Amino acid sequence: MTAPPALPKSRQQLILAVLMLCSLLIWLDNTVLSTALETLADPAHGLGADPGQLQWATGSYTLAFATLMFTAGALGDRFGHRTVFSGGLVIFAGSSLWAAYASDAGELIAARAAMGVGSALITPANLAILMWTFTGPARAAAVGVFSTSAGVGMAAGPVLAGFLLDHFWWGSVFLLNVPVAALALVGLGVLVPNFRSPALRPLDPAGMLLSISGLVALAYGLIRAGQVAVWSRIDVWAPIAFGLVLLAAFVLVELRVKVPSFDPRLLAQRAFGGGNAALGTLLFAVAAITFYNAFYLQGALGFSPMKAGVANVPTACGALAGAPLASRLVRRLSVRAVTVPAMTVAALTMGGYGLLGLRTPLVWIEALLSVQGLAVGMVIGPVTAALISNLPLEQAGAGSAVTNTVRQTGSVFGIAVGGTIMSIVYRRAIEPSLEGVPGPVQDQARVSAEQARHVATAVHRPTLARAADDAFIQAMHVGAGCIAVIALLGAAVLLITLPAVGKEKGPLPEPDCEEARSSVRGAVT
């Protein structure tokens, strides 16, 4: 893959600026939603969304992104990456406008799914245009500059979202996307050639349909369990069983496709399969603990959105520091020697949420978040780079597809399972405090701690608000313990499946721009 020789250097630099702007747009959207969750749950200032609806508001985006991204890459090969990129920006901007003015949680979930479709069209095209535009040493330099957009988005997103939520209505965090997307569209049209690959990839519609249907059904069953708190109901176990059947059919279909978008055969390789399983469990854990963190800071501790956004900056800083630190350590030691301790530390920091309470000093929270970000950054980048670099060149694209799918799927189910654990434990913990409370108040208080605080203020029952805070803290402690165990299992998988000494004779290759972004994505899923 080479760029046209007539492309001037000045134009290359302007194209890089446009690509970074688009990457920043995606990163800002990912981070602002986490800051807005507490506001969206507020019946007075948000949508009064319950935990299940908030899980879907986050998960619908990730599901669409995970299952459509590789089809989007094939579309770019056929119709031109600029064409697909532009279409993705239009969809992303339009659905952001829809999300900003959503009248209820269901409408927001649908808008977020549409935003995921836009992101799926943008991301592969963004990477492809970068690789077409730059060659040789200039490509490596461009990758390094491009990757800084992830750090800027991670650090700036929560703070910007906090500012908007403190001064405007909740929809402003989505409305921000529209002018940025419009500017990027102009840049694409003026500067970027419509690159396309001479080798067309198949679209794999059967695989796409089965993967989407299976993941949605499985996620629905898991989230529904948290809403009804009974696993024996048919509307819980039937979707879970149906989703597993569809995913099994998806694997069988991919095994029979000549050029699959997701090649399950690669997972049979010990190091590749084990490394991806560990990455999936880590992203599962990070997504779940990030979901808890949003409600802990703004709900239980009463932080303003701005203060909560600033409080989360150390996570981003730690992740950004962890990726290059791990890269240097891997050159001296091995991937296993670096990532197994790092993942163990990450698991322990997630379990550390079980020690947080309503009176925990902010300095201890910040220290926990910093170490967590550092540990996560030290795992994702090196493991991803090692897995891809050890595959034969002809399997690199398929391996990247598998790794990206596993990471996104882990995030989806982290939110689904983590939120369900929180809902079930919260309901059980709040129940003793509802004796003698009027029936309608009881029903609202059982939904979530946010709903309980709201109704407690309305009926002048401060003891109910305190009971809701205590019940949430208990639910967070139980959930954090479960999450830590899952992350520790991932560390054990790395220990067992990765070689003690790297097979490569030289240092590991630097991750490409997608891998660089992935090395910090886990901290803000």
Side-chain angles (χ1 to χ4, degrees), residues 55-56 58-79 84 87-88 91 109-110 112-125 200-225 234-269 272-273 276-277 279-281 283-284 287 395 397-417 420 525:
Q55 288 167 274
W56 275 116
T58 305
S60 63
Y61 173 94
T62 309
L63 278 169
F65 180 84
T67 52
L68 296 176
M69 184 167 56
F70 308 113
T71 297
L75 289 173
D77 290 342
R78 289 171 178 265
F79 303 108
V84 173
I91 294 172
I109 292 168
R112 286 289 298 167
M115 290 174 71
V117 173
S119 293
L121 295 174
I122 290 170
T123 301
L200 300 183
R201 284 183 286 165
L203 295 180
D204 192 14
M208 183 180 69
L209 180 62
L210 287 170
S211 62
I212 293 175
S213 303
L215 288 173
V216 169
L218 185 53
Y220 174 84
L222 293 171
I223 293 174
R224 185 63 179 159
I234 190 171
D235 56 349
V236 173
W237 64 261
I240 292 175
F242 185 56
L244 291 173
V245 169
L246 289 177
L247 292 176
F250 165 68
V251 171
L252 292 176
V253 166
E254 295 301 289
L255 286 173
R256 288 170 168 76
V257 174
K258 186 176 181 180
V259 185
S261 57
F262 179 97
D263 191 352
R265 299 175 189 85
L266 294 175
L267 294 175
Q269 301 178 21
F272 188 84
N276 274 287
L279 286 177
T281 59
L283 270 295
F284 175 104
Q395 291 184 314
S400 179
V402 170
T403 299
N404 277 290
T405 300
V406 169
R407 284 199 298 251
Q408 297 298 326
T409 303
S411 296
V412 170
F413 291 117
I415 295 168
V417 175
T420 293
T525 302

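Both backbone and side-chain heavy atoms feed into the values below; hydrogens, waters and symmetry mates do not. A quick note: this is a predicted structure, and the numbers were derived from the prediction, not measured.
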Fill in the blank from the handout: Note: Ala64 and Ala120 closest approach over all heavy atoms is O-CB, 4.1 Å
Exercise for the section: Check each of Ile240, Leu246, Val412 against Leu218 using the side chain to side chain contact (heavy atoms under 4.5 Å, CB included) test, and report the only one that passes. Expected result: Ile240
Fill in the blank from the handout: Distance col, row Ser411:OG vs Phe65:CZ, nearest 0.5 angstrom, shows 10.0 Å
Exercise for the section: Please check if the side chain of Thr420 supplies one atom and the backbone of Ala225 the other of a donor-acceptor pair under 3.5 Å. Expected result: no
Exercise for the section: To the nearest 0.5 angstrom, please state how far the CG atom of Leu247 sits from the CG atom of Leu252. Expected result: 11.0 Å
Practice task
Could you tell me whether the side chain of Ile109 reaches within less than 4.5 Å of the side chain of Tyr61, counting heavy atoms only?
Solution key: no
Problem - Non-hydrogen atoms of Trp56 and Val216 that approach each other most closely - result: CH2-O, 3.7 Å
Fill in the blank from the handout: Residue pairs meeting side chain to side chain donor-acceptor pair (under 3.5 Å), one or both in residues 235-250, sequence neighbours left out, come to Arg224-Asp235, Arg233-Asp235
Completion exercise
dist Ser213:OG -> Phe250:CZ (nearest 0.5 Å) comes out at 11.5 Å
Exercise for the section: Taking side-chain contact (heavy atoms from CB on, under 4.5 Å) as the test, write out the residues that go with Phe284, two or more places apart. Expected result: Phe413, Val417, Ile486
Fill in the blank from the handout: For Ser211, the side chain to side chain donor-acceptor pair (under 3.5 Å) test, sequence neighbours excluded, returns none
Practice task
Look only at the side chain of Gln408 and the backbone of Thr62, and say whether a donor-acceptor pair between them is shorter than 3.5 Å.
Solution key: no
Fill in the blank from the handout: Closest heavy-atom pair, Ala219 versus Ala416, reported as atoms and distance to 0.1 Å, is O-CB, 4.5 Å
Problem - Separation of Leu283 CG from Ile415 CD1 (nearest 0.5 Å) - result: 10.5 Å
Handout entry: Rounded distance (nearest 0.5 Å) linking atom CG of Asn276 with atom CZ of Arg407
Key = 8.0 Å
Exercise for the section: List the atom of Arg265, the atom of Glu254, and the distance in Å for their closest heavy-atom pair. Expected result: NH1-O, 4.0 Å
Exercise for the section: Search all heavy atoms of Ser60 against all heavy atoms of Ala113 and return the closest pair with its distance. Expected result: OG-N, 3.5 Å
Fill in the blank from the handout: Value for CG (Leu215) from CD1 (Ile212), rounded to nearest 0.5 Å, stands at 8.5 Å
